[in-house]
Amino acid sequence: MRASFFQASGKVALIFALLAMCVLAARAEPAATATISPGRISLGDSAQLTISVSGAGQINPPQGVAVDGLDIRLVGHSQSMRNVNGRTSINVDLNYSVEPRRAGNFAIPGIELEVDGRRLRTQPVTLAVQGAPTSGAGTQGEARVAFAQLDLPKQTAYVGEVIPVELRLYIDARYNPQLENMPQIDGDGFTKLKMTQPKRARARKDGLEYDVFVFRTAITPSKAGRLTVGAARLAFAVQLRGSMIDDFFNPFGRRRAKEVEVKTEPVELDVQPLPAAGRPNDFSGAIGSFRLTAEGSPTRVKIGDPVTMKLKISGRGNFDRVNAPALKDPSGWHTYPAAGEFSNDDELGFSGAKSFELAVIPETKKTAMPVFTFSYFDPATGKYATLNSEPAPLQVEGSVPPAAPGVGAASEFPAAQPAKPAPSATPAVTDILGLRYDFGRPHTTFDPLHLRRSFQLTQFIPAAVLLALLALRLRRRDPAAERVARLRREKAELWPRLRAGAPDAEFFETATRLVQLETAIRTGQPEASIDLATAIESRPLDRETAAAIEEIFNSRAELLYAGTARGDGAAQRGERERLIKAVRRFEKGRSDV
Amino acid sequence: MSDARKFFGWLIALAAMLSVARGSDFDVANQAYEAGKFEDARERYEQLVKRGEWSANLFYNLGNAQFRLGAPGRAIVNYERALALEPSHAEAIANLRLLREKTGARLPAPKWSDHVVPALPTNVFVVFGAIAGWMGLAALLAIFFIRGAATANVWMVVAVCVLGAGYAAVAIWQRSGEAALAIVTAPQVDARLAPADRAGVAEPLPAGSRVRVLRERGEWVYCALPGNGLGWLPAKAIEKVRLSRS
């Protein structure tokens, strides 16, 4: 796209501009020189070839230059005017992009161009194009973007020995690598630790700047023989940059992503078995280089009192096989198992220190702390080594109690050394108590009571008692509750009759009965004995309700005893509504119904 | 009526004969022990154990015989059995303490519940819990039957009974792990991270160490170890404290 632009419009503009300047400027002797920058690039990069024409007039530049392995195209020009001693000259720079198609050293021959009808030729220039190998072996098939090396510190090892491994990944510093995966090391016959996160550094190699990523791990051979470690592989993506001119015209454009796989050369390792000769009895499989230190406290104790020993094994090696040091001479000492704790000095746990703390109890007089031993195999010398801790001074007071008869049968206990008994010392219990001659209470099971069937069955007894009491209580009648229920049932039957428009005698009889029932429920008195005064006093009433209740009672008495009739039908209905509401208020115990 | 009397008479006579036979065997074993014939004594004690005639004193004496024969781990497991039957067995407590010191037996760290629950037999808590539970239930029912101010006192009884039953439940729960309790009887054994002789060591255990059996797989047993870890032990290296009839 950009090339066509120059070809179409750039060329025309160049010719016209040069013609105009030629009119104004005095002619100078034209000359053409060629320069290329940079002179050394990597495959995938581009260089810029510049042909400077001084004293130029009309130039007819070539659009491209044919060189095998290179793609050279005219991409633009620039011009400048100089005045030297009153003579004006015009310089024109013709810019060509040079993109290599393969690695190698290229000679760009002199380029011929026509200036003001004269044919000029530039001097030849050279360009070195480097190809990046994909591995440490220098494979040429891939761009020189990255390569890697697998380093082992030694070529011979022993079975079980921990060997640190370093993988160095070199990536051209001009690229932006995206490491998303961890390297994989091929091979069998060894176990490997998890690879550490890489450490990044900058290094210069073969004249180029590289970002160096250092991965570390460790392998442990599990069998003897010749092992092949690797190859190690790592795939990642890099962002490739275009040429300067590409970047100028496309400053915000996306860079080209390129997937790169780097593969190292495999490394041979000669693995030997551990020698059987000279293997110490307490050898636990520790291989490496170690030191043993021991501290004990307190330094003054009584017989039977514990001395806390802090043992520390430091160095480099397979600490997972480092066990607690053993007592060199256990006689007269009683020990308890030690718990170990490892603190590593590196990410791999290859170097560090393992600490043990254990209690030792002097059972006899001692003058020094116990000596502990630790054996390991030193691959540097090819021999087993045994470390002994330094015996620090120790003062043990007290005396050894005499051994009780029969104890000697317990052969698994450490034998106590005879010592002079001290009269002031309290004799320690060293023998068991004697037999019991009574058989004692016989037992049929070890199961606790709640797991035995007999106990579980007995729990039905209190359960049955409680259930029986509950049933009896539920069956017992409550006369008061029954009476209240009966009264409420009767009330429920009377209310419809009160509103049914019955004759006066029946209406007042029903209303009076309702008041009596409600009062009986509230007071507990027999309903037949409830008179007007009792009803009104049974609850707080407003004056209107009390008057209405009194009217109900009096009207009932009049009808019952004197046979007096009350008003006509219409007035009677209005009266009845008022009285029914009063009964309702009485029932509710409120005056707002 | 006379037949029933005869039947019960025969039963009493049979029980007396069994008791005499058991006492006789126990006495013979004791005499063998006193004569220094510890192997003979051990065999006789173990015959009684196999017959299911158990007592705390029988296991205690068997533990003594094992100790004399140089098997402190087996002695410890029998003292533990004696204490499982009678937690207050004074001689078993003393001998157990002595042997643990001699062997360096490892014990699990005490739990909070160990400080709360006294060293009484589990059955004491079972009976106490049952009584408190039923009393509480009865009091709760009474509340619905009693009217008036008396319910306040009954509620107090309910609260006390619930607290008592809860305490007994905690104690029983705390002892529930004893069914899986086992003792290392081998002189020294390494608990391993996997059921294999070459597997990594989880914890070295001297004789008499206490472990809790979680799972059994062939010749290996998966155990909770005294150091709060888990590991595999050879089945023949441990013995469960609680025996079963089967």
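Lettering of chains follows the sequences in order, A, B, ..., and the numbering in each one begins at 1.
- Taking V127(B), V241(B), V126(B) one by one and counting their heavy-atom pairs under 4.5 Å with chain A, the maximum is reached by V126(B).
- Using a 4.5 Å cut-off between heavy atoms, D438(A) contacts chain B through both its backbone and its side chain.
- Only the backbone of T445(A) comes within contact range of chain B, with heavy atoms under 4.5 Å apart.
- Using a 4.5 Å cut-off between heavy atoms, R452(A) contacts chain B through its side chain alone, with no backbone atom that close.
- Residues Y45(B) and L435(A) share a closest heavy-atom pair of OH-CD1, 3.7 Å.
- Under the 6.0 Å cut-off for aromatic ring centres, F59(B) and F446(A) qualify, their centroids lying closer than that.
- In terms of heavy-atom proximity, P448(A) sits nearest to T122(B) at CB-CG2, 3.9 Å.
- In this structure, NE2 in H450(A) is found 5.5 Å from CD1 in I172(B), a value given to the nearest 0.5 Å.
- If you measure heavy-atom distances from V201(B) to chain A, you find no contacts under 4.5 Å at all.
- The shortest heavy-atom contact between S55(B) and P442(A) is CB-CA, 4.4 Å.
- No donor-acceptor pair under 3.5 Å is formed between the side chain of N64(B) and the backbone N or O of I432(A).
- Proximity to chain A is absent for every atom of Q66(B), based on heavy atoms less than 4.5 angstrom apart.
- Separation of atoms CZ (R441(A)) and CD (E86(B)) is listed at 6.5 Å; rounding is to 0.5 Å.
- When every heavy atom of R436(A) is checked against every heavy atom of F26(B), the shortest pair comes out as O-CZ, 3.5 Å.
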Quick one: do L469(A) and L141(B) satisfy side chain to side chain contact (heavy atoms under 4.5 Å, CB included)? Show the steps, please.
CA-CA 9 Å; L469(A) 287 173; L141(B) 285 175; over 6 Å; no

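- No donor-acceptor distance shorter than 3.5 angstrom exists from the side chain of Y33(B) to the backbone of G434(A), with no hydrogens or angles considered.
- Ion pairing of D431(A) with R68(B) is present here, as a side-chain N (NZ or NE/NH1/NH2) and a carboxylate O approach within less than 4.0 Å.
- R81(B) touches chain A through backbone and side chain together, each having a heavy atom under 4.5 Å away.
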